[in-house]
Amino acid sequence: MSTTEAPGSSNFIRSIINEDLESGRYDQVITRFPPEPNGYLHIGHAKSICLNFGLAAEYHGRCNLRFDDTNPTKEEAEYVEAIKEDVAWLGFDWGEQPLFASDYFAQLYEWAILLIKKGKAYVDSQSAEQMRVNRGTLTRSGIDSPYRDRSVEENLELFEKMKNGDFPDGSHILRAKIDMSAPNMNLRDPAMYRILHARHHRTGDTWRIYPMYDFAHGQEDSIEGVTHSICTLEFEDHRPLYQWFHKELEIFAPQQIEFARLNLSYTVMSKRKLLQLVNDQHVSGWDDPRMPTISGMRRRGYPAAAIRTFCERIGVGRSANWIDLSVLEDCVREQLNETACRRQAVLKPLKVTITNYPTDKVEELTAPNHPQQPEKGSRVLPFCNELWVDRDDFMEEPPKKFFRLGPGREVRLRNAYIIKCDDVVKDDSGEVIELRCSADLDTLGKNPVGRKVKGIIHWVSARHAEKLEVRVYDRLFNQENPDKAENYLTALNPESLQVTEALAEPTLREAKGGETFQFERVGYFTVDSKESQEGKPVFNRTVTLRDTWAKIK
RNA sequence: UGGGGCGUCGCCAAGCGGUAAGGCACCGGAUUUUGAUUCCGGCAUUCCCAGGUUCGAUUCCUGGCGCCCCAGCCA
């Protein structure tokens, strides 16, 4: 599965891989997607997933799913499961078992000892604060730790005790001995191992020390034979260190390649902020349909194929980018237009009575499930003299370009007759509460001769309508870039969720969780797989239809 | 004012010395029992700026300008 999409346009990563293959530096392509299980995956991760798994498939290589679980204070098994589900749903296969950084803890520990013995690592006993001060600044070099020249024996002994849990958190730390005056801050004796008396989701209480990202990631890649280790731009400064460990340890050296992370308008992408949205209950959870998480989008009704298309379409480069939400929505519509069956449902009901239609008569009209795909079949639409239409499809004083219902106007009822608005009934407050119309009963499946009726509106039989809960979603944030607000929370869109009731054609009652329909002229709606019940589906608005009338207005 | 990057249409993005792909958005127009879809057509004499090399530069060189990342015992 997964790579049915058209091959993407060229990008700098493919160029690098081609060169590496031609030069013989590597003879295959092995990549990896290395999430930290400290939150749910979002659309930015999808970009990385599609890139890594996509490249591996393209070059007939392999892509590992490897959890970078080196910080037990932030990671949980729940996240591991959620991440696996999301990657699989996106359509990618990581082989028999996912891998874990924690699988390599013993090896990493041995390598740390090797570096100590080589005089390339030492135990520092400064406080975190002292270390920070002594690290210097961007423009001023750091100064050596007073513990920098401890003997190998002493370092070995202290590190052993760190491992055994003899010291409290923060009392000592293992550092690589590189250069405290390096202009690249990452080379100023970076931390390799810290003491953490924390229970790890997989190794339990086995370890009291845990490796830092820099001392773990490159070696994990090396162990797995990863040839191209693709990460985001902020790790570019870490590359010299990534390479330093491979060289000092004399192990297989993968090539790290950095690309620009995804930014999407009207959303935030940092895990910290997404976690806060969840914890402070601005959303119902990581999988709230308004979240930019994979699970949120899945619940919202975004097809996996649409997300894959999106990731291919936005390309991959090294310059900061800000992708417009419309690109994603276009991918979703493109996919759903092909796959979703058509239905009729009214969200803002206005009563219509067909005055010349027998009160006790009910007709079963036939409507195609997909006008462009007859093979999708059809369904039955009951029609009687009492209907609901959408309030937006009637105007008492319509402007010239409005070709829907108005006093004396004619309109086509989708899949049914042409009707004419003869009377407008109002309540005491002057609000329109009913339209009394007459139908041209000779217009079923054909157009009248001598006049043409341009307007077409959707409707539902009032006596057969199902009342269904519909959740109308809008963008979670009002501002294109929530991060530029004083506090991104102030940019939250208070109307991002409107719960309402739809009056829908009877067939919709049987809709199953995860199914998506196009409510004609309105948008795509997907049955919420979490909160729907048998015979009582709850619909999430996935995305609206394009609406050029809205622009004309 | 240290180091590392980036700068091609409103937003992405190809281009790798030979005379500016594509997508989204936008604007026209055709078809349409969804103002949807589909379909045609338009949309950078110009590639951050200034010099230079060259028959020829978005592509090479030099100098500017602008933006992003780095001072976690996070990843």
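- For the P atom pair drawn from B/U58 and B/U53, the interatomic distance equals 15 Å after rounding to whole Å.
- Using a 4.0 Å heavy-atom criterion, one finds that A/Phe403 contacts the bases of the nucleic acid, with or without backbone contacts as well.
- Side chain A/His458 to base B/A36: no donor-acceptor pair is found below 3.5 Å.
- Spacing between B/U59 and B/U46 at atom C1', rounded to whole Å, works out to 14 Å.
- Between A/Arg194 and B/C74, a side-chain N or O to OP1/OP2 separation shorter than 4.0 Å is present.
- Remark: A/Arg202 qualifies as a cation-pi partner of A/Phe100 under the 6.0 Å distance and 45° angle criteria applied to the six-membered ring.
- At whole-Å resolution of the value, CG in A/Asp390 and C1' in B/A36 are 15 Å apart.
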Practice item. Begin from the C-alpha positions of A/Leu441 and A/Thr443 and carry the test side-chain contact (heavy atoms from CB on, under 4.5 Å) through to its verdict. Key: CA-CA 6 Å; A/Leu441 298 174; A/Thr443 55; over 6 Å; no
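- For CZ of A/Arg391, the number of neighbouring non-hydrogen atoms (other residues, nucleotides, ligands) closer than 6.0 Å is greater than 12.
- Among the heavy atoms of the strands, none lies under 4.0 Å from A/Glu480.
- OP1 or OP2 of B/A13 lies within a sub-4.0 Å distance of a side-chain N or O belonging to A/Ser319.
- A/His172 and A/Asp124 share no side-chain donor-acceptor pair at under 3.5 Å.
- Residue A/Arg318 has no polar side-chain atom (N or O) positioned under 4.0 Å from OP1 or OP2 of B/A13.
- Only the P atoms considered, B/C69 is 28 Å distant from B/A50, to the nearest whole Å.
- Rounded to a whole angstrom, the distance from the C1' atom of B/A30 to that of B/C9 is 27 Å.
- Residue contacts for A/Asn415: at a heavy-atom cut-off of 4.0 Å it reaches a base atom on one of the strands shown.
- A cation-pi contact, defined as under 6.0 Å to the ring centre and within 45° of the axis, links A/Arg475 to A/Tyr266.
- In this structure B/C26 sits in a base pair with B/G42, meeting the Watson-Crick or G-U test at under 3.5 Å.
- The pairing partner recorded for B/C60 is B/G52, the criterion being a Watson-Crick or G-U wobble arrangement whose two distances lie under 3.5 angstrom.
- Between A/Arg188 and B/G3 there is no side-chain polar atom (N or O) within less than 4.0 angstrom of OP1 or OP2.
- Rounded to whole Å, the separation between the P atoms of B/G10 and B/A75 comes to 41 Å.
- Among residues at least two apart or in separate chains, there is no salt bridge (Lys or Arg N to Asp or Glu O under 4.0 Å) pair with a member in residues 35-49 of chain A.
- With its glycosidic angle within 90° of 0, B/G72 adopts the syn conformation.
- Residue A/Arg412 is in base contact, counting any heavy-atom pair closer than 4.0 Å across all strands shown.
- Distance from the side chain of A/Arg313 is smallest for B/G23 among the nucleotides B/G23, B/A36, B/C11.
- Pair assignment for B/G72 gives none, since no Watson-Crick or G-U wobble pairing has each distance under 3.5 Å.
- A cation-pi arrangement is present between A/Lys273 and A/Tyr488 under the rule of less than 6.0 angstrom and at most 45 degrees off the ring axis.
- B/G22 and B/G3 are spaced 37 Å apart, taking the C1' atom of each and rounding to whole Å.
- Counting non-hydrogen atoms of other residues, nucleotides and ligands closer than 6.0 Å to NZ of A/Lys161 gives a total of 12 or fewer.
- When the P atom of B/C67 is taken as reference, atom CG of A/Asn321 falls 18 Å away, rounded to whole Å.
- Using a 4.0 Å heavy-atom criterion, one finds that A/Pro34 contacts no nucleic acid atom at all.
- With a cut-off of 3.5 Å on both pairing distances, B/U34 has no Watson-Crick or G-U wobble partner at all.
- For the C1' atoms, the distance from B/U8 to B/U45 is 15 Å, rounded to whole Å.
- Between the base of B/U34 and the side chain of A/Arg521 there is no donor-acceptor pair shorter than 3.5 Å.
- Summarising the base pairing, B/C67 is matched to B/G5 through a Watson-Crick or G-U wobble pair whose two defining distances lie under 3.5 Å.
- Using a 4.0 Å heavy-atom criterion, one finds that A/Lys401 contacts the bases of the nucleic acid, with or without backbone contacts as well.
- Taking only side-chain nitrogens and oxygens, A/Lys551 comes nearer than 4.0 Å to OP1 or OP2 of B/C26.
- In this structure, A/Arg175 reaches neither bases nor backbone, as no heavy-atom distance under 4.0 Å exists between it and the strands shown.
- Within the 4.0 angstrom heavy-atom criterion, no nucleotide atom of any strand lies near A/Leu241.
- Among the atoms of the strands shown, none is found under 4.0 Å from any heavy atom of A/Gly142.
- Evaluation of atom-type donor-acceptor distances gives no pair under 3.5 Å for the side chain of A/Asn184 against the base of B/G4.
- For B/A36 and B/G28, the P atoms lie 13 Å apart once the distance is rounded to whole Å.
- For an aromatic pair to be called close, the ring centres must be under 6.0 Å apart, and A/Phe310 with A/Tyr302 fails this.
- Nucleic acid contact for A/Leu138: base, since at least one base atom lies under 4.0 Å from a heavy atom of the residue.
- Side-chain N/O atoms of A/Thr70 include none lying less than 4.0 angstrom from OP1 or OP2 on B/C74.
- At a threshold of 4.0 angstrom between heavy atoms, the contacts of A/Val453 with the nucleic acid are absent.
- For a distance-only test at 3.5 Å, the side chain of A/Gln372 qualifies as a donor-acceptor partner of the base of B/A36.
- At a threshold of 4.0 angstrom between heavy atoms, the contacts of A/Ser127 include nucleobase atoms, whether or not backbone atoms are also involved.
- In this structure, A/Tyr213 forms no aromatic stack with the base of B/A75, since the conditions of centre separation below 5.5 Å and plane angle below 30° are not both met.
- Here A/Phe402 lies in heavy-atom contact (under 4.0 Å) with a base.
- Residue A/Ser15 has its side chain nearest to B/C16 when only B/G35, B/C16, B/G4 are considered.
- Residue side chain A/Gln518 reaches the base of B/U34 through a donor-acceptor N/O pair under 3.5 Å, judged by distance alone.
- Picking from B/C12, B/C24, B/A75 the nucleotide with the shortest atom distance to the side chain of A/Trp322 gives B/C12.
- Across all strands, A/Asp68 comes closer than 4.0 Å only to sugar-phosphate atoms, never to a base (heavy-atom distances).
- Shown here, B/A21 forms no base pair; nothing in the strands shown gives a Watson-Crick or G-U wobble contact with both key distances under 3.5 Å.
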